[in-house]
Amino acid sequence: MPVNRSPRTVFTTASLTLALSALLLTGTAYAGKPVKSDDGASTEEKGGGDGKSGIFAAAQIKYSGSVAKGGGRGNVASADVTWTPPPCWYAPMYGAKEFKKKMTKELKDAMGAPGMTGHAGAALAQTQQHYEDDYGWADTPGYKDYNVDKDGEGMFWAGVPNPDEPDYLKRNSCTDLPFWVDNGEPPPPQHEEAIKPEMLAALAYQRMQLPDTKVSLAPDGTTKVNLPTWAWLDKAAFDDVEATAAVDVPGFHIEATTTAKPKSLTLEPGVGDARLIPASGECPIVDGKIGEPYAKGKAKETPPCGIVYGRSSGGATFPLKASLTWEISWTGTGQDAPVQMPDGTIEVTQDITVEEVQSVNR
């Protein structure tokens with residue numbers, strides 16, 4: 001394999017970035033054919049965001065289970081504000097013959113575009129040599145005729161932007177040129193963002209759709225000053241929720257299932273002088289339930305989870321915010337024991353009317 005080891009190697013590394021930029025700017029929007037959907041709650045992500053990223057914008061990640069419709073962002077917020085799912089990744093895209101067909105057209109269109117001279121033109125020429133004439137550098141081998149002699153024995157991998165990553169630069173930071181991976185072999189180690197089970201788990205987390213949380217209250221909707229308002233969750237809210245993300249292409253299959261389990265309920269009364277029960281406002285799961293349903297005759301008792309409002313809402317309402325915290329973990333390919341992830345939360349706001357009254361019969 002011809003390998004450039006002269007001082008021109010520095011230029012080669014920079015030129016590849018120029019070449020990729022040129023292809024992205026001039027490329028046609030291609031989309032890889034996704035795996036066929038199953039019936040039920042499943043979605044497929046072809047990657048890509050704006051549809052202008054050429055051959056680098058196709059992916060085959062299939063989501064199933066409790067995920068948002070269309071593969072978009074779910075309703076779970078991470079309790080760890082520093083945690084983020086991958087902004088982009090490398091994934092298997094094309095067989096050798098398909099890649100040759102698409103890449104030769106991309107290169108031809110890019111080389112024929114106005115202004116593709118100097119460094120940009122040289123970069124495109126080197127990219128063409130890389131795939132056609134076995135031109136490589138450092139730890140990156142070149143390819144002879146786009147590896148068509150190995151068609152069916154592996155796939156070309158390429159960068160995929162996460163369409164739900166808001167930062168444009170991060171979303172498009174997987175800029176390595178497409179690279180070949182033999183079936184059954186791991187991707188080259190220099191491509192640290194190559195898709196792996198823990199990344200799929202994070203993507204499943206990002207798209208997980210948890211059931212809406214409605215807190216049962218007694219009294220419901222309208223309560224009284226200095227009277228405990230009981231709060232609890234219906235037992236149906238305590239079912240575990242799962243979301244799965246998988247990549248399944250010839251010669252390569254990985255998957256990860258992210259599981260959410262209810263952990264605690266936190267109440268924020270919407271006014272500063274209310275008294276929370278317990279004082280922290282966080283009602284944990286006890287004996288498989290959060291809070292306790294109110295029953296007749298318990299009006300003078302203290303609920304395990306609730307609020308005591310100290311003043312009237314004056315004909316208006318107080319916004320009671322309830323946040324249900326879920327414990328999140330994942331298992332998947334090569335990982336049978338659950339791995340903890342940051343807790344997730346979903347919030348709901350309910351309007352509460354508080355009236356002045358000296359006594360009340362329940």
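All residue numbers in this chain count up from 1 along the given sequence.
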Find out whether Ile290 and Leu324 are in side-chain contact, i.e. whether some heavy atom of one side chain is under 4.5 Å from a heavy atom of the other. yes
Listed by chain and number, what are the side-chain contact (heavy atoms from CB on, under 4.5 Å) partners of Glu268, not counting sequence neighbours? Lys321
Please table the atom pairs, donor to acceptor, closer than 3.5 Å between any side-chain atom in residues 274-287 and protein atoms at least two apart or in another chain.
residue: Ser280; atom: OG; partner: Glu282; partner atom: N; Å: 3.2
residue: Glu282; atom: OE2; partner: Ser264; partner atom: OG; Å: 3.3

Validation row: Phe252, Val181 side chains within 4.5 angstrom (heavy atoms): no
Ignoring hydrogens, what is the shortest heavy-atom contact between Pro92 and Met155? Give both atom names and the distance. CB-SD, 3.9 Å
Measure the OG1-CG distance between Thr223 and Leu217 for me, rounded to the nearest 0.5 Å. 8.5 Å
For Tyr135 and Gln126 the tightest heavy-atom approach is OH-NE2, 4.0 Å
Sequence-distant partners of Asp145, side chain to side chain donor-acceptor pair (under 3.5 Å), two or more places apart: Lys100
Between Lys105 and Asp109, is the closest basic N to carboxylate O distance under 4.0 Å? yes
Taking only distance into account, with no hydrogens and no angle test, what donor-acceptor pairs under 3.5 Å do side-chain atoms of residues 334-341 form with protein atoms, sequence neighbours excluded?
residue: Gln335; atom: NE2; partner: Ala337; partner atom: O; Å: 2.8

Which residues pass the side chain to side chain donor-acceptor pair (under 3.5 Å) test with Glu355, not counting sequence neighbours? Lys224
Flag if over 12 foreign heavy atoms under 6.0 Å of NZ, Lys170: no
Taking the side chain as every heavy atom from C-beta outward, state whether Trp180 and Lys150 have any atom pair closer than 4.5 Å. yes
4.5 Å side-chain heavy-atom contact, Glu153 and Asn147: no
Atom CD in Glu327, atom CG in Asp240: separation rounded to 0.5 Å? 9.5 Å
Approximate separation, where rounding is to 0.5 Å, of Tyr90 OH and Glu193 CD: 5.5 Å
Looking at every non-hydrogen atom in both residues, tell me the closest pair between Ile61 and Ala245 and how far apart they are. CG2-CB, 4.3 Å
Cluster overlap Val348 with Leu267, hydrophobic side-chain contacts below 4.5 Å: no
Trp157 and Met93, any side-chain heavy atoms less than 4.5 Å apart: no
Does the side chain of Asn162 come under 3.5 Å of the side chain of Gln206 through a donor N or O and an acceptor N or O? yes
Side chains of Thr257 and Thr244: donor-acceptor distance under 3.5 Å anywhere? yes
Drop me the distance from Thr140's OG1 to Gln190's CD, to the nearest 0.5 angstrom. 5.0 Å
With no hydrogens and no angle check, is any side-chain donor or acceptor of Asn183 less than 3.5 Å from a backbone partner on Gly152? yes
Scanning both residues in full, the closest heavy-atom pair of Ser312 with Phe318 reads O-CZ, 3.6 Å
Quick check: does any side chain N or O of Asp80 sit under 3.5 Å from a backbone N or O of Pro342, one acting as donor and the other as acceptor? no
Does any part of the side chain of Pro178, heavy atoms only, come nearer than 4.5 Å to the side chain of Tyr131, both counted from C-beta? yes
Do the side chain of Thr325 and the main chain of Thr345 share a donor and acceptor less than 3.5 angstrom apart? no
Rounded to the nearest 0.5 Å, how far does NZ of Lys261 lie from NZ of Lys263? 12.5 Å
Say you draw a straight line from OG1 of Thr127 to CD of Glu132; how long is it, rounded to the nearest 0.5 Å? 10.5 Å
Show which side-chain atoms of residues 301-310 pair as donor or acceptor with protein atoms under 3.5 Å away, not counting sequence neighbours.
residue: Tyr309; atom: OH; partner: Pro269; partner atom: O; Å: 3.0

N/O donor-acceptor pair under 3.5 Å between Lys196 side chain and Ala194 backbone: yes
Gly136 and His130 have their tightest heavy-atom pair at CA-ND1, 4.5 Å
Does the ring-ring contact (aromatic ring centres under 6.0 Å, His included) test come out yes or no for Phe156 and Tyr143, once each step is laid out? CA-CA 11 Å; Phe156 276 99; Tyr143 305 98; 5.2 Å; yes
Between Thr353 and Thr222 (side chain of the first, backbone of the second, donor and acceptor by atom type, cut-off under 3.5 Å), is there such a pair? no
Full working for ring-ring contact (aromatic ring centres under 6.0 Å, His included) between Trp83 and Tyr205: CA-CA 11 Å; Trp83 179 88; Tyr205 187 149; 4.6 Å; yes
Which heavy-atom pair separates Pro197 from Glu255 by the least distance, and what is that distance? CB-O, 4.1 Å
Let me see the working for Met208 and Trp326 under side chain to side chain contact (heavy atoms under 4.5 Å, CB included), right down to the final yes or no. CA-CA 12 Å; Met208 178 175 278; Trp326 297 71; over 6 Å; no
Using only atom types and a distance under 3.5 Å, with no angle test, would you say the side chain of Arg207 pairs donor to acceptor with the backbone of Val67? no
